[in-house]
Amino acid sequence: MSSSQTVNPQQVCEDLLLEGKQYNIEHHILPSENAVANRLLARGVELKDAYDELHGKLHARPPALQVFLGLILSTAAFWNPQKMLKARTARNDLTNVNQQIARKATELAELLDQRSDLHNTSGFSSETHYHVGDVIEAASQNNHLFQSYVQEKLDALRGQFDLKYWPSLGDFMRELASDAEKAEMAATDPLTAAATAATRPSKADFFKALFASIEENSTENYGQLPRAFKLTDRTLASLANCALDLGPDELVDEAYVKRLRQRERNGAE
């Protein structure tokens, strides 16, 4: 092969980044991923060796190279340390909200029971909901699908079974309280689970999410990345430094990645 035909791995990778960026622009999507692509393109000098390794390991398995670059963009855009700090805050907020629901639903259950007793013993009625079906129907008055497909069947059930067959409003609230009190926090995707496993946010969040993303996209899980695909610590450090736009005082090195990988292996054993 002549020198004019020699493949330039960096050019191949950057062409894929530009192609993906242009697609996003034309379809008005993923500006955050484009921002990461711009960082990689701007810091291409730092990525020459990384691109050489990526191209050498993936170019023979199209579209594996494109897939991996996409994983770098999405992980840096959505599972970076700043986003994972917000995710941890949201997780704490969700825990607090569930605790409040448990307390307030319990209080409301007691008030509903008290109102029911007063209706039965005081000689007065406040003309409020007393059947759980009433609440469902009233809450669904603006839901045309409920009115078209459910309401008639619910009315038939109410006519067939009297009040003793239904939970009281107080029981309904107590179940909501119990459900909220027993709630256990769990991430809705493996990348967020991996990135927020540690108590405090750090640059390790990005790597953990990237490792999970690589695993999800391996041929073992019907993805495009080779089963035994693994990058060197140096290449991973370079990709992270550029994708996260880390400054001179924030850069990670291959020793950092090696220690992180060792901790992850020890944790899995």
Side-chain angles (χ1 to χ4, degrees), residues 9-21 24-25 30-58 65-91 187 189-217 225 229-265 267:
Q10 180 161 3
Q11 190 63 57
V12 172
C13 292
E14 291 188 343
D15 284 347
L16 288 173
L17 291 172
L18 289 168
E19 179 183 328
K21 177 183 170 183
N24 292 344
I25 291 172
L30 299 174
S32 54
E33 289 195 11
N34 278 358
V36 179
N38 287 337
R39 296 171 197 160
L40 297 179
L41 293 166
R43 297 175 64 162
V45 173
E46 300 171 60
L47 292 168
K48 182 182 183 303
D49 291 342
Y51 288 145
D52 286 345
E53 182 180 351
L54 282 173
H55 187 269
K57 291 181 175 179
L58 297 177
L65 182 55
Q66 184 176 22
V67 167
F68 180 79
L69 290 172
L71 298 185
I72 290 291
L73 298 184
S74 61
T75 306
F78 302 111
W79 286 274
N80 58 61
Q82 294 77 20
K83 289 286 181 68
M84 291 304 96
L85 175 59
K86 293 181 180 179
R88 286 177 172 83
T89 299
R91 180 177 60 191
D189 63 84
L191 274 70
T192 300
T196 58
T199 304
R200 293 181 295 181
S202 71
K203 290 186 282 289
D205 295 344
F206 167 81
F207 288 102
K208 292 176 183 178
L210 181 60
F211 297 155
S213 187
I214 291 172
E215 182 177 351
E216 270 208 323
N217 286 273
L225 299 181
F229 175 66
K230 183 179 179 181
L231 292 173
T232 61
D233 298 331
R234 182 182 180 186
T235 286
L236 286 168
S238 296
L239 289 168
N241 288 332
C242 298
L244 298 177
D245 200 25
L246 301 181
D249 297 332
E250 305 172 294
L251 297 177
V252 298
D253 57 16
E254 54 189 303
Y256 174 93
V257 179
K258 183 177 182 178
R259 290 193 300 271
L260 174 60
R261 278 176 155 172
Q262 185 63 51
R263 288 198 302 270
E264 290 296 290
R265 284 195 295 270

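Residue indices begin at 1 and follow the sequence shown.
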Sub-4.5 Å side-chain heavy-atom contact between [X] and [Y]:
X	Y	result
Leu71	Asn217	yes
Leu54	Pro9	no
Leu231	Leu239	yes
Trp79	Leu191	yes
Leu210	Leu236	yes
Asn24	Pro31	no
Phe211	Thr75	no
Leu246	Lys203	yes

Return the minimal non-hydrogen interatomic distance between [X] and [Y], and the atom names on each side.
X	Y	value
Ala195	Ala209	CB-CB, 4.0 Å
Arg261	Thr232	NH1-C, 4.0 Å
Leu40	Ala243	CD2-N, 3.7 Å
Cys242	Arg39	O-CB, 3.4 Å

Pairwise distance [atom1]([X]) to [atom2]([Y]) - rounded to 0.5 angstrom:
X	Y	atom1	atom2	value
Leu47	Ser238	CG	OG	6.5 Å
Leu65	His55	CG	NE2	6.5 Å
Phe207	Ile214	CZ	CD1	10.5 Å
Leu17	Gln10	CG	CD	10.0 Å
Gln66	Leu58	CD	CG	12.0 Å
Leu30	Leu73	CG	CG	9.0 Å

- Taking the six-membered ring for Trp, are Phe229 and Phe68 parallel (under 30°), tilted (30 to 60°) or perpendicular (over 60°)? perpendicular
Looking only at atom types and distance, does a side-chain atom of [X] sit under 3.5 Å from a main-chain N or O of [Y], one as donor and one as acceptor?
X	Y	result
Asn241	Val252	yes
Glu14	Gln11	no
Glu33	Ala77	no
Thr192	Asp189	no
Tyr256	Ala204	yes

- Any luck finding a side-chain donor-acceptor pair between Lys21 and Asn38 under 3.5 Å? yes
- Message: Pairing donors with acceptors under 3.5 angstrom, does anything connect the side chains of Gln262 and Arg259?
- Response: no
- Between Asp205 and Arg88, is there a salt bridge with N-O shorter than 4.0 Å? yes
- Do the charged groups of Glu254 and Lys258 touch, with an N to O distance under 4.0 Å? no
- Test salt bridge (Lys or Arg N to Asp or Glu O under 4.0 Å) applied to Arg91 - qualifying residues, sequence neighbours left out: none
- Item | Arg43: salt bridge (Lys or Arg N to Asp or Glu O under 4.0 Å) partners, not counting sequence neighbours | Glu46, Asp245
- Derivation and outcome, side-chain contact (heavy atoms from CB on, under 4.5 Å), residues Leu260 and Lys208: CA-CA 9 Å; Leu260 174 60; Lys208 292 176 183 178; 4.1 Å; yes
